[in-house]
2 protein chains.
Amino acid sequence: METKSPDAVSALGALAHEHRLAIYRLLVQAGPEGRAAGVIADALGVPASSLSFHLAHLTRAGLILQRRESRSLIYSADFGAMNALVGFLTENCCGGASCAPAAAPKKRKAS
Amino acid sequence: METKSPDAVSALGALAHEHRLAIYRLLVQAGPEGRAAGVIADALGVPASSLSFHLAHLTRAGLILQRRESRSLIYSADFGAMNALVGFLTENCCGGASCAPAAAPKKRKAS
DNA sequence: CCAATAATTCGATGATACTGGAAATGTGGA
DNA sequence: TCCACATTTCCAGTATCATCGAATTATTGG
């Protein structure tokens, strides 16, 4: 649970897209049970091949998990990854606490 | 302090780049005082024109602020924006609390 | 084995993003 | 006013990303 800069960049990049953010939010709402690719495509109105591209992107970034269930591929949110990302942002991009003005920076093992 | 999806996408996109993330972190460490563009360029070893491009990107996304101080343009982190982003991620991309497995999703004013 | 279903991979196209040198802009001192 | 400094804007050139139909790869039922 030690998100490093490169990981953070790819996680941020993965979420920095309208469709992918929507996919991720849908999967978060779905919980550990997840949703089949087809269901997601249907819910968001994205063509299957485009969706597949985005799912792969999110998977590469480690934000979602894939498992097969008979004919369907089920995707689910990896909550640990998001936790790590939020932790990274809070630690490295805020004062450390909760984004206080941070006038008094403490030593922090950067990068 | 109500980050909406489009804002989140642009904020995430702004941070989803090695140089820009480095810039942002540097400015967070610098605190409200901020740093001049030249100082940042020097610290990160990025050519002035490239840096300017990234600073503009971060500024457009609302993550950093610009002010002039004599000949220098001083950039500083906008802590409120980061706070809002973290809030958005926590609310919309986690169970709501702190990324609990979220087996029991509560009603959440999505989007 | 064959047909049907579920998704991915391929491939071509168009759009955006990144980079960095050179020129332009703003600012202050002599 | 003139020059030096601090940055940005302009402009190519290159690279990467996004889209989506068609072809391909799994998986299951008959």
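Letters A, B, ... mirror the listed sequences (proteins, then strands); counts begin at 1. Note that the coordinates shown come from a computational prediction; the quantities given were computed from them, not determined experimentally.
A/Ser70 comes within contact range of the sugar-phosphate backbone alone, with a heavy-atom separation under 4.0 Å but no base atom that close. Residue contacts for A/Ser52: at a heavy-atom cut-off of 4.0 Å it reaches a base atom on one of the strands shown. Residue-level contact check: A/Ala36 touches the backbone only, with heavy atoms under 4.0 Å from sugar-phosphate atoms and none from bases. Residue contacts for B/Ala48: at a heavy-atom cut-off of 4.0 Å it reaches a base atom on one of the strands shown.
A/Tyr24 and A/Asp78 get closest at one heavy-atom pair: OH-O, 3.6 Å. Across all their heavy atoms, A/Ala11 and A/Leu63 have their closest contact at O-CD1, 3.7 Å.
Distance A/Ile23 CD1 to C/dA7 C1': 14 Å, rounded to the nearest Å. Between the CG atom of A/Leu55 and the P atom of C/dA7 there is a distance of 10 Å, rounded to whole Å. As rounded to whole Å, 12 Å separates atom P of D/dT9 from atom CZ of B/Phe53. The distance between atom CG of B/Leu73 and atom P of D/dT7, rounded to the nearest whole Å, is 6 Å. Whole-Å rounding puts the B/His57 NE2 to C/dT19 C1' distance at 14 Å. With rounding to whole Å, B/Leu44 atom CG is found 13 Å from C/dG20 atom P. One can place CZ of A/Arg67 at 16 Å from C1' of C/dA7, the figure rounded to the nearest angstrom. Between A/Leu58 atom CG and C/dA7 atom P there is a gap of 16 Å when expressed in whole angstrom units.
Between B/Tyr75 and the phosphate of D/dT8, there is a side-chain N or O to OP1/OP2 separation shorter than 4.0 Å. Under 4.0 angstrom from either OP1 or OP2 of D/dC20 there lies at least one side-chain N or O belonging to A/Ser50. Taking only side-chain nitrogens and oxygens, B/Arg68 never comes nearer than 4.0 Å to OP1 or OP2 of D/dA6. Neither OP1 nor OP2 of D/dC17 sits under 4.0 Å from any side-chain N or O of A/His54.
The one candidate from A/Leu21, A/Val39, A/Leu44 that meets the side chain to side chain contact (heavy atoms under 4.5 Å, CB included) condition with A/Leu26 is A/Leu44.
Mapping A/Gln66 and A/Arg71 onto DNA chain C by nearest heavy atom places A/Arg71 closer to the 5' end of the strand. Heavy-atom distances to DNA chain C give each of A/Ser72 and B/Glu69 a nearest nucleotide, and the one nearer the 5′ end belongs to A/Ser72.
Residue B/His57 holds its NE2 atom at 10.0 Å from CG of B/Leu15, rounded to the nearest 0.5 Å.
Considering only side-chain atoms of A/Ser49, the nucleotide from D/dC20, D/dA18, C/dC18 that sits closest is D/dC20.
Heavy-atom contacts from other residues, nucleotides or ligands closer than 6.0 Å to CD of B/Glu18 number 12 or fewer.
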